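For the numbers below, each heavy atom of this structure counts, side chains included, while hydrogens, waters and symmetry mates do not. As the structure is a prediction and not an experimental result, all values here were calculated from the model. Order of the sequence lines fixes the chain letters, A, B, ..., with proteins taken first and strands second; residue numbering starts at 1 for each chain.
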Number of protein chains: 2
Amino acid sequence: MSRTTLKDIALELNISVSTVSKALSDSYEISEATKKMVQEYAKKHNFHPNKLARSLKIGKSNTIGVIVSNISNTFVSQILDGIQIASQQTVYDIIFMQSREDERIEKNCIDVLKMRGIDGLMIAPVSFDSNIEELKALIKAKIPVIIFDRINHALDTFKVGVNNFQGAYSATQHLIQRGKRRILHITGKNLGVAQERLNGFKAALADAAIPFDEKHYIECSFNNTAELDRTIKEILTKEYIEHKNIDAIFGATDVITTRTLGILAELQIEVPAQIAVIGFSNTQIAASLNPALSTVVQPATEIGELATKKLIETINRTRPVHEFETIELPTQLIIRKSSL
Amino acid sequence: MSRTTLKDIALELNISVSTVSKALSDSYEISEATKKMVQEYAKKHNFHPNKLARSLKIGKSNTIGVIVSNISNTFVSQILDGIQIASQQTVYDIIFMQSREDERIEKNCIDVLKMRGIDGLMIAPVSFDSNIEELKALIKAKIPVIIFDRINHALDTFKVGVNNFQGAYSATQHLIQRGKRRILHITGKNLGVAQERLNGFKAALADAAIPFDEKHYIECSFNNTAELDRTIKEILTKEYIEHKNIDAIFGATDVITTRTLGILAELQIEVPAQIAVIGFSNTQIAASLNPALSTVVQPATEIGELATKKLIETINRTRPVHEFETIELPTQLIIRKSSL
DNA sequence: TTGTATGCGTTATCAT
DNA sequence: ATGATAACGCATACAA
């Protein structure tokens, strides 16, 4: 047995398809008696309108596309949570796709979503200008696009993310206040947010009259765990074990910071006694680490919710928008044992 | 400007819609010259067929629905990764939804997916009989359903998960081999896989002639972190600090085990010197914990890939299947410092 | 080799 | 208050 359609109901009740359709949408044209009959029959037979046909007809899919780099990242999945929470209050439902940090896959995601007739797109782009032409084309085709998280993207549109400068600044400032002056900043290669975090790091040093030392800044490829581990071990061995030239570490991402903690434990370097650690991180495990990890927490759920609201607002606007806003939410500094 | 359609192309090139359609699908009926012309035009104008219209016409959406409890769980997101990897080799694309451990939301997910005309469904059900009638109805409507992870569900269909008994058995056995005899098993309330893990735990004890002690078994509500923390603290205080009646802990889930480690650190109980710890866990952070956490790892990606392959196989089968298989993949025991 | 006509399930316009 | 008809974009049986 296949799925129930309007036609099935019409045939069964000896009325026309259009009457059924109108009855189900509670039209004023239909008598109460007919409405009741149809609605009851539909409920009883577990009728659900075919969204494909409906969308095709009305030229609107009530669907929002979301493209993220990778779901299996705590921060990302928290954002998705926020997106779902926000969309649940609306008629829209969500299709997610993963770009896996690859521009070509990202392009494919955009194409698939276009074919599905999404009414709007939310994207955390792979790089600062990835697929910019495709995104422009979408906007031109009246499909609004919102950028979230990676808000350094070149497209001129609504953007929602965090204030990376401020987050990095306050983390660094905290370490300085704890008396640290030889702070190592470990960040990711090709990480969109890296520049702003580095700027915040440098600004905090400058404000404390601590000169910035090239030796205290290192970029790692953070997709490749083995390489990441090797790079971190190398610099710790050289700069700490040989030269005692590090008294604190500020990690730029979740992965970097937690790996750093693991490696410090392996090298039997005591945290925070020998080296204090703080990182950008959204993992709920931070509090379970030993020592509990101090972190800069990003309001991930809020980013998702806000971006969704903005997008739906834009979709529902009758006239196109030409002035866009970039919202940078504040981060929160949570001090735990690793930096005390 | 709206999206390009077959009609637009036909009008522009002064040929019929069906010629365009056939040319784009590389039909043998169409001359090479026309094909070339049409395909080039389509590429140049960035034409993408409307998936809604196409699905409506051919009665097949090339879409698979996936329902999980919650994406922001490492294990779940790894499964989703596997699903995506497997689907990328095929024409199918994926729509995920979250049930958030709520049967009513789960029902809604099923409805939405039905409306979208999915060709098949993969689900990790909320409980052992949740929405079983809806799932049966789907199968009756020739939409195959595959259960993954929570394979204790009552529906008679293909199931892919892990061998929880064996995983728990080998974790417990390992602790016993390390000389532990007062092993506390902490598990989750309403956790589908809990029973099998408890059975494995008991069997390993029995095989070592260690009597099972009710005091060494505790269920926690693992959605509520505060309550979880309190429960764990309570039992540790009573059974360990007061009675020294624990020398190892076997945690049944990711959250439980990592929280337990955090609490042990807080209570200044040394791991593994005073209490050894091992857990079911898929977090990549396990190795970064201090001490590095021994874990039973579930082949999450493989579960996703296998379930997807099985589903697509079932979709493509011409005749309905009536004999179903439950695949229980083996888990892997990774010993790290926390249990040595 | 190309074109015409029809229908997928819906909604909407226009009769009746 | 109800029904007949057209159209959304596509694929396909059939006609030319």
Side-chain angles (χ1 to χ4, degrees), chain A residues 1-39 41-42 45-63 91 111 114-119 141-142, chain B residues 1-39 41-42 45-63 91 111 114-119 141-142:
Chain A
M1 193 196 66
S2 191
R3 296 188 34 207
T4 315
T5 68
L6 291 185
K7 202 173 165 187
D8 299 333
I9 301 181
L11 248 66
E12 202 60 39
L13 298 180
N14 271 312
I15 53 181
S16 78
V17 172
S18 50
T19 303
V20 176
S21 171
K22 286 171 185 167
L24 286 173
S25 56
D26 210 32
S27 162
Y28 68 95
E29 301 175 88
I30 305 296
S31 73
E32 287 306 320
T34 312
K35 272 188 200 172
K36 200 177 165 195
M37 173 179 73
V38 173
Q39 286 168 2
Y41 184 95
H45 288 74
N46 200 19
F47 168 80
H48 290 286
N50 184 323
K51 214 170 167 3
L52 274 58
R54 169 173 239 259
S55 298
L56 182 60
K57 176 61 191 168
I58 67 178
K60 186 168 186 305
S61 63
N62 284 352
T63 301
V91 296
D111 287 345
K114 254 167 80 175
M115 294 195 295
R116 279 190 178 287
I118 51 167
D119 296 333
K142 303 236 184 303
Chain B
M1 191 194 71
S2 191
R3 296 187 36 206
T4 314
T5 69
L6 291 187
K7 202 173 165 188
D8 299 333
I9 301 180
L11 248 66
E12 202 61 38
L13 298 180
N14 271 314
I15 54 182
S16 78
V17 173
S18 63
T19 304
V20 177
S21 172
K22 287 170 183 166
L24 286 174
S25 57
D26 211 31
S27 162
Y28 67 96
E29 301 175 82
I30 304 296
S31 74
E32 286 306 321
T34 311
K35 273 189 201 171
K36 200 178 166 197
M37 174 179 73
V38 172
Q39 286 167 2
Y41 185 94
H45 289 73
N46 198 21
F47 169 79
H48 291 286
N50 183 323
K51 212 168 174 354
L52 275 55
R54 169 173 237 260
S55 298
L56 183 60
K57 173 64 190 162
I58 66 178
K60 188 168 184 304
S61 64
N62 283 352
T63 301
V91 297
D111 287 343
K114 255 167 81 175
M115 295 195 295
R116 289 198 113 81
I118 51 168
D119 295 333
K142 303 235 185 303

Checklist line | 4.5 Å side-chain heavy-atom contact, B:N50 and A:L56 | finding: yes
Margin query: Any non-hydrogen side-chain atom of A:L24 less than 4.5 Å from a side-chain atom of A:V20?
Written below: yes
Checklist line | Most 5' of B:N14 and A:S18 on DNA chain C, judged by nearest nucleotide | finding: B:N14
Note to self: Under the rule for side chain to side chain contact (heavy atoms under 4.5 Å, CB included), what residues qualify as partners of A:T63, not counting sequence neighbours?
What the structure shows: A:K51, A:S61, A:D93, A:I95, A:I118, B:R116
Checklist line | Relative orientation of the end axes in the helix from C:dT1-D:dA16 to C:dT16-D:dA1, expressed as an angle to the nearest 10° (five pairs per end) | finding: 50°
Margin query: Could you tell me the boundaries of the chain B footprint on DNA chain D, defined by atoms under 4.0 Å from its heavy atoms?
Written below: D:dG9 to D:dC14
Check: Between C:dG3 and B:T19, is there an OP1 or OP2 to side-chain N/O distance shorter than 4.0 Å?
Finding: yes
Check: Hey, does B:S31 reach any base, or is it just sugar-phosphate, or nothing, if we go heavy atoms under 4.0 Å?
Finding: sugar-phosphate
What are the atom names and distances for every N/O pair under 3.5 Å that joins the protein to nucleotides 14-16 of chain C?
none

Check: How many Å lie between OH on A:Y28 and P on C:dT11, as a whole number?
Finding: 16 Å
Check: salt bridge (charged side-chain N to carboxylate O under 4.0 Å, His left out): which pairs involve residues 19-32 of chain A, sequence neighbours left out?
Finding: A:K22-A:E29, A:D26-A:K35, A:E32-A:K35
Next item on the list: Give, ordered by number, those residues of residues 46-61 of chain A having at least one heavy-atom distance below 4.0 Å to an atom of DNA chain D; if nothing qualifies, reply none.
Entry: A:L56, A:K57
